[in-house]
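Everything below concerns the one structure shown next.
Below, chain A is the first sequence line, B the second, and so on; all start at residue 1. Just the heavy atoms: all of them, side chains too, but no hydrogens, waters or symmetry mates, feed the values below. Just so it is clear, the model here is predicted, and its values are computed rather than measured.
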2 protein chains.
Amino acid sequence: MRLTRSGDYAVRCLLYLALDPGRGVVARKEIAEVMNIPAQYLGKVAQTLAKAGLIGIRQGARGGYELARTAGEISLLQVVEAVDGEIFLNDCLHQLDICERRPVCAVHRVWGRARKQLRDMLGGISLAALVEEESRTAGKVCGECPATRGQTLEGKGE
Amino acid sequence: MRLTRSGDYAVRCLLYLALDPGRGVVARKEIAEVMNIPAQYLGKVAQTLAKAGLIGIRQGARGGYELARTAGEISLLQVVEAVDGEIFLNDCLHQLDICERRPVCAVHRVWGRARKQLRDMLGGISLAALVEEESRTAGKVCGECPATRGQTLEGKGE
DNA sequence: ACATATCGGACACGATTTGTCCTATATCGG
DNA sequence: CCGATATAGGACAAATCGTGTCCGATATGT
Ligand code: FES
Ligand code: FES
């Protein structure tokens, strides 16, 4: 029950592209270095993102990637599902022949609700909102998330 | 981003045990047959569930499984996490050394919120609630979930 | 034309998932 | 106590998936 690395990379990549909108095409190599993504692997992910219509790709010299839409029009859900596939949580929700219990089963109905709730939340968050939140909290340690709890920013200047 | 088969099996197994509370120990073979679970595999899942304190196991002749607590005291979240591990969604939430972005990153904060929302929902649903919902909707086709949408119960008597 | 940079398929490798098999061990009933 | 029953628990197997690299082909800017 976790996001794959590919999905994580996709989000990071898109987030970087959303950082300064007017910039145009950004080289894959730059994105990969700044965002700590294996460059070749990012290529694969980018192809998927391009097929989903989230980024545009320019080949050849001075090539690279750019957002295909504005950062406000791309939701986290779109990014994740483009790369990892549609979120279903429970197999019984789309693998219709997998289970005999369907006519009587309350379980997948619960998963259906959970799924909707999760997708609604991710769908409601745009890249623009992420960028805005990052800049708003820049330099502050986030107290609500376990990752930064109790840390300081000493020596984290990089 | 999906529940594993093991998790699905665990839910089915516990749900079956919750169906009639006063029954005592139920043979693994029976559970496996009724719920369409490979019997040996169910054994593995059951051991995990037992370690988590969700079921009790009786070995030997007339052995089998039974709920270790009442159906109202076991939540879907407990079942799923016992088998599939704690739900994290994003690696950055628990793999603290995986990512350099942590001090500035808004992404994992969003995942943190999504995670809490999902776990809260699953944690709020008990086996008893599931059983009640199943009996309440017995014989009716569920319109809200994709699995049964547009179907009828004709020929689904089994 | 040449240098640059992505495409896209093939491939490698480890981890995870999903099972099965087999022997040991525990329990019940007589 | 004996024998039948039924799970424990480790080993093992196969398939799938996730993650990443390599390389020739292709597209683009100068
Ligand atoms: S339809 Fe398969 S568990 Fe509900
Ligand atoms: S901390 Fe890794 S992406 Fe946010």
Residues in side chain to side chain donor-acceptor pair (under 3.5 Å) contact with B:E81, at least two apart in sequence or another chain:
B:R119
N/O donor to acceptor pairs below 3.5 angstrom from side-chain atoms of residues 32-54 of chain A, sequence neighbours left out:
residue: A:Y41; atom: OH; partner: A:S6; partner atom: OG; Å: 2.6
residue: A:T48; atom: OG1; partner: A:K44; partner atom: O; Å: 3.3

Listing, residues 16-26 of chain A side-chain donor-acceptor contacts under 3.5 Å, not counting sequence neighbours, or none:
residue: A:Y16; atom: OH; partner: A:E30; partner atom: OE2; Å: 2.5
residue: A:R23; atom: NH1; partner: A:E30; partner atom: OE2; Å: 2.9
residue: A:R23; atom: NH2; partner: A:E30; partner atom: OE1; Å: 2.8
residue: A:R23; atom: NH2; partner: A:E30; partner atom: OE2; Å: 3.1

Can you list everything that forms a side chain to side chain donor-acceptor pair (under 3.5 Å) with B:Q59? Sequence neighbours excluded, please.
none
Under a 4.0 Å heavy-atom cutoff, the residues of residues 43-53 of chain A touching DNA chain C are A:G43, A:K44, A:Q47
Sequence-distant partners of B:A61, side chain to side chain contact (heavy atoms under 4.5 Å, CB included), two or more places apart:
none
Pairing residues for A:T4 by the side chain to side chain donor-acceptor pair (under 3.5 Å) criterion, not counting sequence neighbours:
A:D84
Axis-to-axis angle between the two ends of the helix from C:dA1-D:dT30 to C:dG30-D:dC1 (five base pairs per end, rounded to 10 degrees):
30°
Tell me which pairs pass ring pair (Phe, Tyr, Trp, His ring centres under 6.0 Å) where either residue lies in residues 60-93 of chain B, with sequence neighbours left out.
B:F88-B:H94
Please report the distance, rounded to the nearest Å, between OH in B:Y41 and P in D:dG10.
16 Å
Tabulate atom names and distances for all N/O pairs under 3.5 angstrom spanning the protein and nucleotides 28-30 of chain C.
residue: C:dC28; atom: OP1; partner: B:R58; partner atom: NE; Å: 3.3

Got a sec? Which of residues 13-31 of chain B come in under 4.0 Å of DNA chain D, heavy atoms?
B:A27, B:R28
Take atom OH of B:Y9 and atom C1' of C:dT17, then tell me their distance rounded to the nearest Å.
11 Å
With sequence neighbours excluded, tell me which residues meet side chain to side chain donor-acceptor pair (under 3.5 Å) with A:K29.
none
